[in-house]
Amino acid sequence: MIVYQNHLTGFINDVTCGEIANKVSDGIRIGLGFNVAKNEYRAFHNSLQFMSGVLRETLIPANCGVCIEYRIPNTSQRVDFIVSGINSFGNHSAVIVELKQWESAELPSEGDDMVLTYLNGGIHQHTHPSYQAWSYASIIDSYNQNVQDLSIVIKPCAFLHNYERRSPEPIEDQIYQGIISRAPLFLKNDGQKLSEFIEKLLVKGDNKETVELIECGKIKPSKMLQDNLYSMLEGNEEFIMIEEQKLVFENAKILARRCRSDHKKRVYIIEGGPGTGKSVVAINLLVQFIGDGIVSKYVTKNSAPRNVYFSHLRGKGKRNVEIKHLFAGSGEFVECPSNTYGALIVDESHRLNGKSGMFRNKGENQIKEIINASELSIFFIDEDQRIHITDIGRIEEIENWASSFGAEVKRATLTSQFRCNGSDAYLAWLDNTLQIRETTHTNLDIDYDFRVVDSPSELYQLINEKNNEIASGTNRIRNKSRLLAGYCWEWISSGQNDLSVHDINIDDFHMSWNLKNNIWAIDPSSIEQVGCIHTSQGLEFDYVGVIIGPDISFVDGKIVTEFKKRAKSDKSMHGIKKLHRKNPEEANKLADLIIKNTYRTLLTRGQKGCYIYCCDSLLAEHFKNFK
């Protein structure tokens, strides 16, 4: 989607006449469907004045193309400015310019290719402008078939026209030289240098043809991306499939081939409990589909699984931006045109919502939007892991939306357990003990390390010991055990990146919720943090230690849940009090389901063992008696 396009002379004329900000704003309103805010309008007016100055008195041909606010397909990303033409080798070429009105920046304490700058009324961490420009170029290069087949050259750079260079200059620090070499950085007094940079790349005009070729290019993963993914997955034992996983995988490939052939919509629903390998199949399908040239994404509501699986597939080079592009949140398809994707692979489908966005005000239904956006929609689901009041992920709901699109529906079930020591008996025992459903498993007589401890400090000690065990055949610790807790303690906002701020305090036990500045499930420092349902669902560990909070207790022979004892910062119960005022019975029933499902999920994260501490002593005795 191109908001504004013109020849170089036409662009300069629009700037000179004072019409450029109006034309760009009108293009956004008409093409993208929203009005431009006043500050963004001013940014267009100011930044484009500077770009006009850079391009006005140069050797750049007058019939070069200018494109403003190009929206990269399959993303919400918009490229600020593109000038295009023909290079000295006769190739179509485009220079991407990331425009910033920044006036200063500082080095961050941590984070690759990140800077600190003043934004939105305060100092915030932001990606380095050169990285941002380079990432846009990389995504276009890796997913646009015309760019690949016609050898269109994409050159990124960044222009901070208000930024006066200091000595030394933080934004040009040595730590950024790698990314600046890929996307040169130009500051306030570098207008002439930017002009010369563009002049060398564009020796002939193209009459806007280059950007038009990019705009109409078919979206297709590049061969390099395909090869990178295959090489990263190969030999990674965490993603090896066996038996029924392989069957589900092959059936999904068959459905994908049929969709490519007849372009009819199909929906594949794969049901499976904890540890049945749903995510293993999902990641293998992502790699397979990309390798087959099918435009695909791995989708989850929660970012935690996406971040962990991306970290498994990422390489050591700078091409990880293309791989990260393959991972998406469930709310990214609100405005997506029909059949944009060949396949969307939706893990943790039980967590899908109706409305999307931070304020739940976008779209209609995520299931509907996902099916609409893709020819093949694959939903991995466990209805017993619905843990939020807004979760709508049910098989019946998926089937109803599939029917409304006239989509063919196929179902499969994964049953083989790879967690809880491969035992369905543990899950049945857990359901019985939590009084979710009555089963015959009233005792835990299986080879699974389940213990009830008397203090959270003892719990931490056990989990720390397991986490520090040496992996077989190596000299590295396993780093595969974690502490978890029910969401009954407030998440203190001032300490979200500070281990000295203790959110959870029980007797002599003091610890923080998982920090926001790391990937909690795999970062070695996370053993000193407590994870919650939102950072652990969809993931697995060797051992987990679970603090069962005061929101669940044992009274007169019954498991009793109390939603009022959940932390106010826990959004999974947002709206339950209002519902309780209108319909107490329905609210209590829903809260009971969410709380029990939450603990069922936490207690099934461990492959080899699970240790628990209960804030309610009678509940601890209940677990001991059933054990």
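Scope of the values below: all heavy atoms of this structure, side chains included, with no hydrogens, waters or symmetry mates. Sequential numbering from 1 along the given sequence is applied to the chain's residues.
Put simply, the side chain of Q366 gets close to the backbone of N353: a donor and an acceptor are under 3.5 Å apart. When atom types are taken as modelled, the side chain of Y143 and the backbone of E322 share a donor-acceptor pair closer than 3.5 angstrom. The backbone N or O of G329 sits less than 3.5 Å from a side-chain atom of E332, completing a donor-acceptor pair. Within the 3.5 Å criterion, the main-chain N or O of A105 finds a donor-acceptor partner in the side chain of Y163. Judged by distance alone, with hydrogens and angles left aside, the side-chain atoms of H45 form no donor-acceptor pair with the main-chain N or O of A21 at under 3.5 Å. Within the 3.5 Å criterion, the main-chain N or O of I294 finds no donor-acceptor partner in the side chain of D292. For S195 (side chain) and G191 (main-chain N/O), a donor-acceptor pair under 3.5 Å exists by modelled atom type. Remark: the backbone N or O of K368 is not paired with any side-chain donor or acceptor of N372 at under 3.5 angstrom. No donor-acceptor pair under 3.5 Å is formed between the side chain of S261 and the backbone N or O of R258. In this structure a side-chain-to-backbone donor-acceptor pair under 3.5 Å is present from E369 to E364.
At least one side-chain heavy atom of K265 sits less than 4.5 Å from a side-chain heavy atom of S338. Within the 4.5 Å cutoff, the side chain of V3 has no heavy atoms near those of the I68 side chain. Inter-residue side-chain proximity for W401 and I370 is flagged as unmet; no heavy-atom pair is nearer than 4.5 Å. Residues S25 and F44 have side chains in contact (heavy-atom distance under 4.5 Å, counting atoms from C-beta outward). A heavy-atom distance below 4.5 Å is found between the side chains of M573 and I594. Proximity of R306 to Y298: side-chain heavy atoms (C-beta onward) are separated by under 4.5 Å at one or more points. Under the 4.5 Å side-chain criterion, counting only non-hydrogen atoms from C-beta, T117 is not in contact with I171. Two residues are said to be in side-chain contact when any heavy atoms from C-beta on lie closer than 4.5 Å; I180 and H128 meet this criterion.
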Is there a side-chain hydrogen bond (donor to acceptor under 3.5 Å, both in side chains) between W134 and S130 once you walk through the steps?
CA-CA 6 Å; W134 169 81; S130 292; over 6 Å; no
Show the numbers, then the answer: is there a side chain to side chain contact (heavy atoms under 4.5 Å, CB included) between C157 and V95?
CA-CA 7 Å; C157 65; V95 179; 4.1 Å; yes
Carefully, step by step, assess I387 and H534 under the rule side chain to side chain contact (heavy atoms under 4.5 Å, CB included).
CA-CA 9 Å; I387 53 86; H534 306 302; 4.0 Å; yes
Would you sort out whether N302 and T300 count as a side-chain hydrogen bond (donor to acceptor under 3.5 Å, both in side chains), showing the intermediate values?
CA-CA 6 Å; N302 277 7; T300 59; over 6 Å; no
Residues I20, Q49; criterion side chain to side chain contact (heavy atoms under 4.5 Å, CB included); working and verdict:
CA-CA 9 Å; I20 190 64; Q49 290 273 0; 5.8 Å; no
Steps toward ring-ring contact (aromatic ring centres under 6.0 Å, His included) verdict (F197, F186)
CA-CA 10 Å; F197 174 76; F186 301 96; 5.6 Å; yes
Dump the intermediate steps for side-chain hydrogen bond (donor to acceptor under 3.5 Å, both in side chains) on Y176 and E172, then the final yes or no.
CA-CA 6 Å; Y176 303 125; E172 294 178 324; over 6 Å; no
Intermediate values then yes/no, side chain to side chain contact (heavy atoms under 4.5 Å, CB included), I2 and V211:
CA-CA 9 Å; I2 299 175; V211 173; 3.3 Å; yes
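The structure places CD of E199 at 4.0 Å from CG of L59, a figure rounded to the nearest 0.5 Å. The CD1 atom of I367 lies 5.5 Å from the CG atom of L352; values are rounded to the nearest 0.5 Å. Within the model, atoms OG of S142 and CD1 of I219 stand 11.5 Å from one another, a figure rounded to the nearest 0.5 Å. Distance check: S349 OG to R351 CZ gives 11.5 Å after rounding to the nearest 0.5 Å. In this structure, the separation between CD1 on I140 and CD on Q77 is 10.5 Å, given to the nearest 0.5 Å. For the atom pair CD (Q496) and CG (N514), the distance works out to 9.5 Å, reported to the nearest 0.5 Å.
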With a cut-off of 3.5 Å and sequence neighbours excluded, list every side-chain donor-acceptor pair involving residues 81-88.
from, atom 1, to, atom 2, distance (Å)
S84, OG, D206, OD2, 2.8
N87, OD1, F89, N, 3.0
N87, OD1, G90, N, 3.1
N87, OD1, N91, N, 2.8
N87, ND2, S93, OG, 3.3

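Here the closest heavy-atom approach between residue R386 and residue G393 is recorded as CD-O, 3.4 Å. Residues L376 and C259 approach most closely at CB-SG, 3.9 Å, considering heavy atoms. Between D347 and A282, the shortest heavy-atom contact is OD2-CB, 4.3 Å. Residues S279 and G538 approach most closely at OG-O, 3.9 Å, considering heavy atoms. The nearest pair of heavy atoms linking G217 to N146 is CA-ND2, 3.3 Å. G205 and N63 get closest at one heavy-atom pair: CA-OD1, 3.1 Å.
Ion pair R166/E106 flagged as a salt bridge, since at least one NZ, NE, NH1 or NH2 atom sits closer than 4.0 Å to an Asp/Glu carboxylate oxygen. At a threshold of 4.0 Å, the pair R29-D26 counts as salt-bridged, since one of the basic side-chain nitrogens sits closer than that to a carboxylate oxygen. A salt bridge links R78 with E40; the closest basic N to acidic carboxylate O contact falls under 4.0 Å. A salt bridge links D190 with R165: the closest approach of a Lys/Arg side-chain nitrogen to an acidic carboxylate oxygen falls below 4.0 angstrom.
No side-chain N or O of Q148 forms a donor-acceptor pair with one of K220 less than 3.5 Å apart. For the residue pair H388 and T390, a side-chain donor N or O sits within less than 3.5 Å of a side-chain acceptor on the partner.
Considering only residues two or more places apart in sequence or on other chains, D149 meets the side chain to side chain donor-acceptor pair (under 3.5 Å) condition with Q145. Under the rule for a side chain to side chain donor-acceptor pair (under 3.5 Å), the partners of N22 that lie at least two apart in sequence or sit in another chain are Y41. Residues forming a ring-ring contact (aromatic ring centres under 6.0 Å, His included) with Y4 (at least two apart in sequence, or on another chain): none. With sequence neighbours excluded, no residue forms a ring-ring contact (aromatic ring centres under 6.0 Å, His included) with H350. For N307, the side-chain contact (heavy atoms from CB on, under 4.5 Å) test picks out S303, I519, with sequence neighbours left out.
For H574, the NE2 atom sits in a loose shell: 12 or fewer heavy atoms of surrounding residues, nucleotides or ligands are nearer than 6.0 Å.
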